Visitor: 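Shown below is the structure under consideration.
These numbers come from a predicted model, not from an experiment. Throughout, protein chains are lettered first and strands after them, A, B, ... in sequence-line order, and every chain is numbered starting at 1. Computed over heavy atoms, backbone and side chain alike; hydrogens, waters and symmetry mates excluded.
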Amino acid sequence: MLDVRDLQVHFPVKMSAIQAVGRALVRQIRRGRTDETPVRPVVHAVDGVSFALGPGEILGLVGESGCGKTTTARAVLRLLAPTSGRILFEGTDLASLSEEAMRGIRPRMQIVFQDPHAALNPAMTIGQAIQDPLLIHREVAAAEAKEATFRVMEEVGLSPPEDLFDKYPADLSGGQKQRAVIARAIILRPSLIVADEPVAMLDMSVRARILELLLDLKARHGLTYLFITHDLATAKFVCDRIAIMYLGRIVETGPAAEIFREPKHPYTKALIAAVPVPEPGRPRAQALPRGEVPDAIRPPRGCRFHPRCPVALPTCGWEGRDFVDYLEDRRLNPETARVDETRIGRPTAWTASGLVVHRAARPDLAKLEEAVRSVLALAPAPLREAVTEIDVSAGEVAVRFREPEPLEPRPVAGRSVECLLY
Amino acid sequence: MTDALLSAKGLRVHYHTRRGPVRAVDAVSFDLLPGESLGIVGETGCGKSTLGKAILGLLPPRTKVEGSLRFRGQELVRLAPAAFRRLRGEELALIFQDPMTRLDPLMTIREHFVETLRAHDRKLSEDAAADRAAKVLRSMGIPETRLEHYPHEFSGGMRQRIMIAMAVVLRPKLLVADEPTTSLDVIVEAQILEILEALRRSYGMSLLLITHNLGVVAEVCDRVGVMYAGKLVEIGPIADVFRRPIHPYTQGLLASTIHMGTTELRSIDGMPPSLLAPPPACRFHPRCTFARDVCRAEEPEKVEFRPGHVAACHFGRDFL
Ligand SMILES: Nc1ncnc2c1ncn2[C@@H]1O[C@H](COP(=O)(O)OP(=O)(O)OP(=O)(O)O)[C@@H](O)[C@H]1O
Ligand code: SF4
Ligand code: SF4
Ligand SMILES: [Mg+2]
């Protein structure tokens, strides 16, 4: 029913994001200049994503903030134009469809947003908001529209509809508002619902009821859901299949039950292990991935998870800036910081450029080379073993890393995993 | 219990509003021991943050505060603002959900630390202050090379680390953390919780952790208090409250929490009441499936049903 192939969405960096580039630039200038920042930077929000969704299925797009979940969803709904790829929906490729042609498709696919507050116009009554799509997309008489609206309101638990129809969003609780948003989404009887964090803003005691409603509507109308969430517990309960996203890629996808029972990708493992469980005395997650999700403007080479991966291999994409990061890490220890300061120089003295990182050395090249060798000897094994040569020439020392092994999704234990371990 | 670090007795906080008093915290009593971590959980608007603000002296002017709140023997209710300012930082510290609201975008991290440290010790030199900052930042995984950076140059998780570093640099006795990880992703959340744990252990600091996330409380806290509509309805050791909850609200809250083991969806009927006019007697009675006449007529007393496990429900005994 929905088949997304090689979807890419790249945003040119503009206005507010400019600051992000500025930030990235300042950071790079400070920690070592780099000549690889593109002249016109783009955010690789979604970078080659493929998935398929069968009728009546619930697919969860799961991942941390900024991993591209919402961008994927917005591209599927053609709320933004994909950079490349195919989006086959009920047999039509939406990727290249004109806005005009999209209008005929829109009633078939609807979205439920995270914030019911923002999704409802405060100046419109609940009834008006719900029947609005009906009046826009179908030529129905006012009386008929109202009748249909009453019906969906009953269906989503907004009853009695006669009383609630003329209420304003401000008079409703968060849970009721989300019900209204859901009613508006289903009034045209779509086949696909994109639910973007539909319960994230609701209180615990209300969440369950909204999820119940979504499941109930699916059963009743044979709806298909693309369910976006960062909450793994919700995904586990709600979804038939899940796709774990990291920095614009799907790293693992398959049946939810299988993946939660035995995650395969190191990132999926880390995510699941990090979820706090309301069960006192349970041992804490061990060996958390270091740091945070890096900038999507310059995603790491090779496997994008490699700088944080606890089980990375030398072939996973080690590059010049990983060496600079390693030098930064050594500065956390006052001892090594002091030694490095004189022998290796500050991390900012190094320039990372793709697979190479180099530093001009005056006067004593040999000393610097020796220092680099001794520091590398202490580096984590995958980083150390990814070094192909330490080149001393033309007044500088350059550390060169191997090309990463090409990475592609592979079938592993009933699912698809993108990781060199498999 | 004389050696409590913080002791609340019949604490009431009523906000002054045009529509009348908002009873955000009502007759709340508990003790917090040195080095202990106490979680405060409950749904939106139940008064968790208000409780935290009362402890830190950060309530808006004209707010009515009654009862007693003793910190190391000193009464905090009606403490002069100047005395509170001195106490904050040196003895009491706080971290919030959004660190950006507490960091000045025009000041480097070094300047933030120097200002904080020198506000409490005028004689401290700038270099000595920066040294101390570097040390505490390092312990949180932030190299001192980043001292000269501005807040916007850090990621959300890093900023929260910096906030924590600033909060603990003066070695406070009590850290109040209001939803410190709510806007963070799970992995970063787990990193921050690990830091809080390590700090508590190495500094012997007490932690009051305010959150709506029961999982976070289960991982970090020794004891937990459950608030409902301004009342502390249950408090006790974490294992007791989570495994053998007494108060029907706690039971409902635990049952409706979606976690990795959830096999069936449950919820609590109705909605939390307005604190302008909370229901009389047991505030939970309109939503409680066990409510009887006495619940609508009389406020339930707090009863210690098990050692250290206190709940306020007329029928608590039935749930033991
Ligand atoms: N400055 C204020 N003036 C008036 N009422 C207030 C003020 N601050 C909070 N309240 C009210 O006091 C009650 C308790 O609020 P509080 O912020 O303590 O709740 P909370 O448990 O922290 O909620 P949340 O989980 O949403 O953070 C709410 O009804 C709130 O609307
Ligand atoms: S390819 Fe696999 S092993 Fe290598 S860094 Fe990525 S997740 Fe880790
Ligand atoms: S006192 Fe009554 S209404 Fe209140 S929680 Fe107990 S049983 Fe329910
Ligand atoms: Mg709060």
Visitor: Between B:Leu184, B:Leu193, B:Asp185, which shows the greatest number of heavy-atom pairs under 4.5 Å with chain A?
Guide: B:Asp185
Visitor: NE2 of B:His212 to CE of A:Met204: how many Å apart, nearest 0.5 Å?
Guide: 6.0 Å
Visitor: Which bit of B:Thr145 comes within less than 4.5 Å of chain A, counting heavy atoms only: side chain, backbone, both or neither?
Guide: side chain
Visitor: Please classify the contact of B:Val216 with chain A as side chain, backbone, both or neither, using a heavy-atom distance under 4.5 Å.
Guide: both
Visitor: Select all residues of residues 256-270 of chain B having any heavy atom within less than 4.5 Å of some heavy atom of chain A, and report them by number, or 'none'.
Guide: B:Ser256, B:Thr257, B:Ile258, B:His259, B:Met260, B:Thr262, B:Thr263, B:Glu264, B:Leu265, B:Arg266, B:Ser267, B:Ile268, B:Asp269, B:Gly270
Visitor: Specify which of A:Gly291, A:Pro280, A:Ser173 makes the most heavy-atom pairs with chain B at under 4.5 Å.
Guide: A:Pro280
Visitor: Show, in sequence, the C-alpha distance, side-chain angles and deciding distance for A:Arg282 and B:Glu219, and conclude whether the salt bridge (Lys or Arg N to Asp or Glu O under 4.0 Å) test is met.
Guide: CA-CA 8 Å; A:Arg282 198 188 69 116; B:Glu219 301 224 326; 3.2 Å; yes
Visitor: Between B:Arg161 and chain A, which part of the residue has a heavy atom less than 4.5 Å away: side chain, backbone, both or neither?
Guide: neither
Visitor: Count the heavy-atom pairs under 4.5 Å between each of B:Val220, B:Leu214, B:Thr44 and chain A, then report the option with the highest count.
Guide: B:Thr44
Visitor: Please classify the contact between B:Leu137 and chain A as side chain, backbone, both or neither, with a heavy-atom cut-off of under 4.5 Å.
Guide: neither
Visitor: CZ of B:Arg19: more than 12 outside heavy atoms within 6.0 angstrom?
Guide: no
Visitor: Is the closest side-chain heavy-atom distance between A:Pro276 and B:Asn213 below 4.5 Å?
Guide: yes
Visitor: Grab the two heavy atoms, one from A:Leu332 and one from B:Gly141, that are nearest each other, plus how far apart they are.
Guide: CD2-C, 3.5 Å
Visitor: So, for B:Gly156 and A:Glu292, which heavy atoms are closest and what is the spacing to 0.1 Å?
Guide: N-OE1, 3.9 Å
Visitor: Quick one: of A:Ala337, A:Ala208, A:Gly281, who has the most non-hydrogen atom pairs under 4.5 Å with chain B?
Guide: A:Ala208
Visitor: I need the A:Arg290 CZ to B:Ile187 CD1 distance, nearest 0.5 Å.
Guide: 13.0 Å
Visitor: Give a yes or no on this: more than 12 heavy atoms of other residues, nucleotides or ligands lie within 6.0 Å of atom CZ of B:Arg306.
Guide: yes
Visitor: Of all heavy-atom pairs between B:Gln191 and A:Pro289, which one has the smallest distance, and what is that distance?
Guide: NE2-O, 2.8 Å
Visitor: How far does OG of A:Ser205 sit from CE of B:Met271, to the nearest 0.5 angstrom?
Guide: 10.0 Å
Visitor: Is it the backbone or the side chain of A:Glu279 that comes under 4.5 Å from a heavy atom of chain B, or both, or neither?
Guide: backbone
Visitor: Side chain, backbone, both or neither: which part of A:Asp329 has a non-hydrogen atom closer than 4.5 Å to chain B?
Guide: neither
